[in-house]
Asker: 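What follows is a single structure, and I will ask about it in a moment.
So that the names make sense, note that chain A is the first sequence line, chain B the second, and so on, each numbered from 1. Quick note: numbers below take in every heavy atom, side chains included, and nothing from hydrogens, waters or symmetry partners.
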Amino acid sequence: MRTCLEVREITKSFPGVLANDHVNLTVREGEIHAILGENGAGKSTLVKIIYGLYKPDSGSIRLYDQELNFASPRQAIEAGIGMVHQHFMLIPALTVAENVVLGGEPGRIHYRRKENVEIVRQLAKQYHMELDPDAKVGDLTVGLQQRVEILKVFYRKAKLLILDEPTAMLTPQEVEELILVMERLRSQGVPIVFISHKLDEVQRISDHVTVMRAGKTVNTVETKSTTPQELANLMVGREVVLHVSKLPQKLGEPVLELVDIVVSSGRNEKVKKVSFEVHRGEIFGLAGIDGNGQFELVEAITGLLPCKTGRIRLLGKDITSSSVQHRTNAGIAYIPQDRQLDGLVMDFELTENFVLRDFSKAPFARLGQMQVKPIEEYATRLSEDFDVRPRRIHALAQNLSGGNQQKVILAREVSRNPELLIAAQPTRGLDVGAIQFIHNKLLELRSDGKAILLVSLELDEILALSDRIGVFYAGRLMGIFPSGQVTREQLGLLMTGVDLGSGGRL
Amino acid sequence: MNKIMKELVTPFVAIIIAILIGACVMLLTGHNPLAAYGALFSGAFGSTVNLSNTMANAIPLILSGLGVAIAFKAGLFNIGAEGQYWIGSMAAVWIGYSVQGLPPILHISLAVLVSMLAAGLWAGIIPGLAKALVGAHEVITTMMMSYIAIFLSHYMLENGPMMQRGFVPQSPVILPSAMLGKIVDRTQLSWGLVIALVVCVIVYWLLYKTTLGYRLRAVGLNARAAKYAGINVSFNLVLALFISGMLAGLAGAVQMLGVQHRLYDSFSSGYGFTAIVVAILANNNPFGVILASIFFAALSTGGQSMQLVSGVPAHLTDVISGIIIFLIASKNVISIVQKRWRRRHTLAPVKEVQTGC
């Protein structure tokens, strides 16, 4: 088998982050090569470099005999690299044929529709993909739209197909069909690189797996000769757990009770009958890979998404259909996953951001008028307590670093003296110091007898902080485990949908 | 102080460049720019009468400009201020001539309130609710409602219920008790100026000192964060359009009660459209709206005297305002491009690393 793609010693750093650290990857003709890794392991960065979206700091890439040094994706396409992004780039109002040829239409000024349809029909036949060239893309299912994307790639004469998380948006049936398509492509000798964090899929489809962790390629193994256990170990690694000193737990009454929660978002059911409780003095860690419904569950608890069925109780009171405002007042505090999109108004001053939740209440407002003095005093106090830098309460939120932005949110939510704090990815993208600070604050709240629901994609964080750990996969809880009774490897397996059988379930 | 200076740089530079380009056009067409601009300036500010007329012209611009600005602050592009102005005008004139026997203070207040309410509902009910409930874009709906308002006025005046007896398509004159007094006799400058200035202060107070303004701005800047904070986004969108319409309607009322005293049949007052330009030049700052309004009012009153004295067509002032808009818009485009560029090369990848994969 000839080597198709060879990536050597690619390094790419962004300010503060080494995204790819001497990465190596070899893809041979006619194989399906999976790149496996946790969120933030550097998979996306790697394929973006191959596709010409980023320029590497050092290292080389070869496609067959050709040294690649792309300045733009256009050159990558011309060299024969085809990529299907996780989010499709199609025009819903145009037909399949029109989408496939878009940007490289047959004919010059005069667009030859019939010829175009014929080309696409032939192409679909050649790659055994059933598609009606005259169908409108907007009318197709996501699975079929993905085929259009794949055809687009081959219309541009790709020698290598890269699929970025191809199964993320698909239903289980559509995944099966995609696997069929991929196997047919392999039998025609097309090398495929596919990125995933789902162990079972990787195990089923790929010939070789390259595991990435923290920006490095850990190992490349033959899929046949490995086990999910081994892959999970490689993927998660055995680094030292972030050390936090945790006092013994004083478990109290349940604060949050979820009963059979079902949440839909878009066309899918994202949360399917989930029940659990979070008690006073407890950090309940919700582990899981991104996109498995954990954040939809969080939005349902905070009132941003409606529950289809099920009940949410806070301190015994039903809040299933209460407004966001009502839940806030009842004692729910929330650190959203995306601080810039949901947590802050970036063009507001810190003073205004500090009172985002309580701006209409005394002492911050009287008779509908904002009270400057109390707001400024409050902002000054919170800035000091939480060490927000710079200490300028009239600075715009957008001028703060990520860590300080997060401190503003944390300060605002914690200072409201909530009963329940929901922290979604509270340390995402922060440096070690800020992470430590936020972890300590969460533990402080815990010893104050608050209930904390921690949702994180970082296993280390979950393991370090949680008293109990729930694992989310495909909208379901795979199990709830007291921390200490479950290993990192077991969690890794559960997160990818592997049932551990009887062991450990409570 | 520093902040104010910073805000003033962009509009100031845009105006200077536009004036220079205008000068080039004059040179090319064989006119003396110094003489022409001199005539424009003295035509706008040179005498008490000229100054008064400029200020009079600025009043409806200030009021409707504030309306457009407040909508902008809530993230809405109210392009239909012209139509809301007409609705306000119709309501004010109708109250002005049909309600009899009220003392001036009550009569004027009634006319103003009714016109504000009518124009506010005009903007709030259909465009506002359509935006809030089904997401219909306000640029389209306010524009369409604007046409409906203008044609409604045609209907009213051309053999319709508001037409004065006779053959001229115009309304009856409003009663003296509904007329706003003049600040300077024999000019168009009425006490409407005071109304405009007071309303400007109120709008500033509303936007920056009240919880209502906080809500509107939060919705405009980040609707998701606003929703997360428990703010009812839909309701505030409707409310923003309602207030915006009220102010445009007030502009119409003040113009009717203070200057025209009756409604003439016409296609456009022009104020509602210039108001958009005013708000953009002012960067939606209420006090900036005053300055921008005076500037555009001066261009229009001074333009006529420029044409008389130096022979440069008054339409050149339209060229100048066009260039200003172009410059400010391109400044925004440039800053967006800069942001994107910076993001791609420094910031976003960091985020990508953490969110991606």
Asker: How many angstroms lie between atom CD of A/Gln398 and atom CG of B/Leu221, to the nearest 0.5 angstrom?
Answerer: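 Answer for the CD-CG pair, A/Gln398 versus B/Leu221, is 9.5 Å.
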Asker: Hey, what do you get for CG (A/Asp342) to CG (B/Asn222), rounding to the nearest 0.5 Å?
Answerer: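 Reported to 0.5 Å precision, the distance equals 7.0 Å.
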Asker: Which of residues 200-211 of chain B get closer than 4.5 angstrom to chain A, counting heavy atoms alone?
Answerer: B/Trp205, B/Lys209, B/Thr210, B/Thr211
Asker: Counting only non-hydrogen atoms closer than 4.5 Å, does A/Val355 touch chain B with its backbone (N, CA, C, O), its side chain (CB onward), both, or neither?
Answerer: both
Asker: Where along residues 225-234 of chain B does a heavy atom come under 4.5 Å of chain A, listed by residue number?
Answerer: B/Ala225, B/Lys227, B/Tyr228, B/Ala229, B/Gly230, B/Ile231
Asker: With a 4.5 angstrom heavy-atom cut-off, which part of A/Tyr334 approaches chain B: side chain, backbone, both or neither?
Answerer: both
Asker: A/Gln325, A/Met212, A/His326, A/Gln371: which one forms the most heavy-atom pairs within less than 4.5 Å of chain B?
Answerer: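 Among A/Gln325, A/Met212, A/His326, A/Gln371, the one with the most close pairs to chain B is A/Gln325.
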Asker: Going by side chain to side chain donor-acceptor pair (under 3.5 Å), name the pairs with one or both residues in residues 274-284 of chain B, residues two or more places apart or in two chains.
Answerer: none
Asker: For the candidates A/Lys55, A/Arg366, A/Gln337, A/Arg357, which exhibits the highest count of non-hydrogen atom pairs separated by less than 4.5 Å from chain B?
Answerer: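 It is A/Arg357.
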Asker: Any heavy-atom pair between the side chains of B/Arg215 and A/Ser360 that's under 4.5 Å?
Answerer: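 Yes, close enough: below the 4.5 Å cut-off.
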Asker: Examine whether an atom of A/Thr302 lies under 4.5 Å from a heavy atom of chain B, and if so say whether it belongs to the side chain, the backbone or both; otherwise answer neither.
Answerer: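 Contact with chain B: none, neither part.
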Asker: Name, in order of residue number, those residues of residues 119-137 of chain B that have a heavy atom at a distance of less than 4.5 Å from a heavy atom in chain A; otherwise write 'none'.
Answerer: none
Asker: Tell me, for A/Leu46 versus chain B, whether the close heavy atoms (under 4.5 Å) come from the side chain, the backbone, both or neither.
Answerer: neither
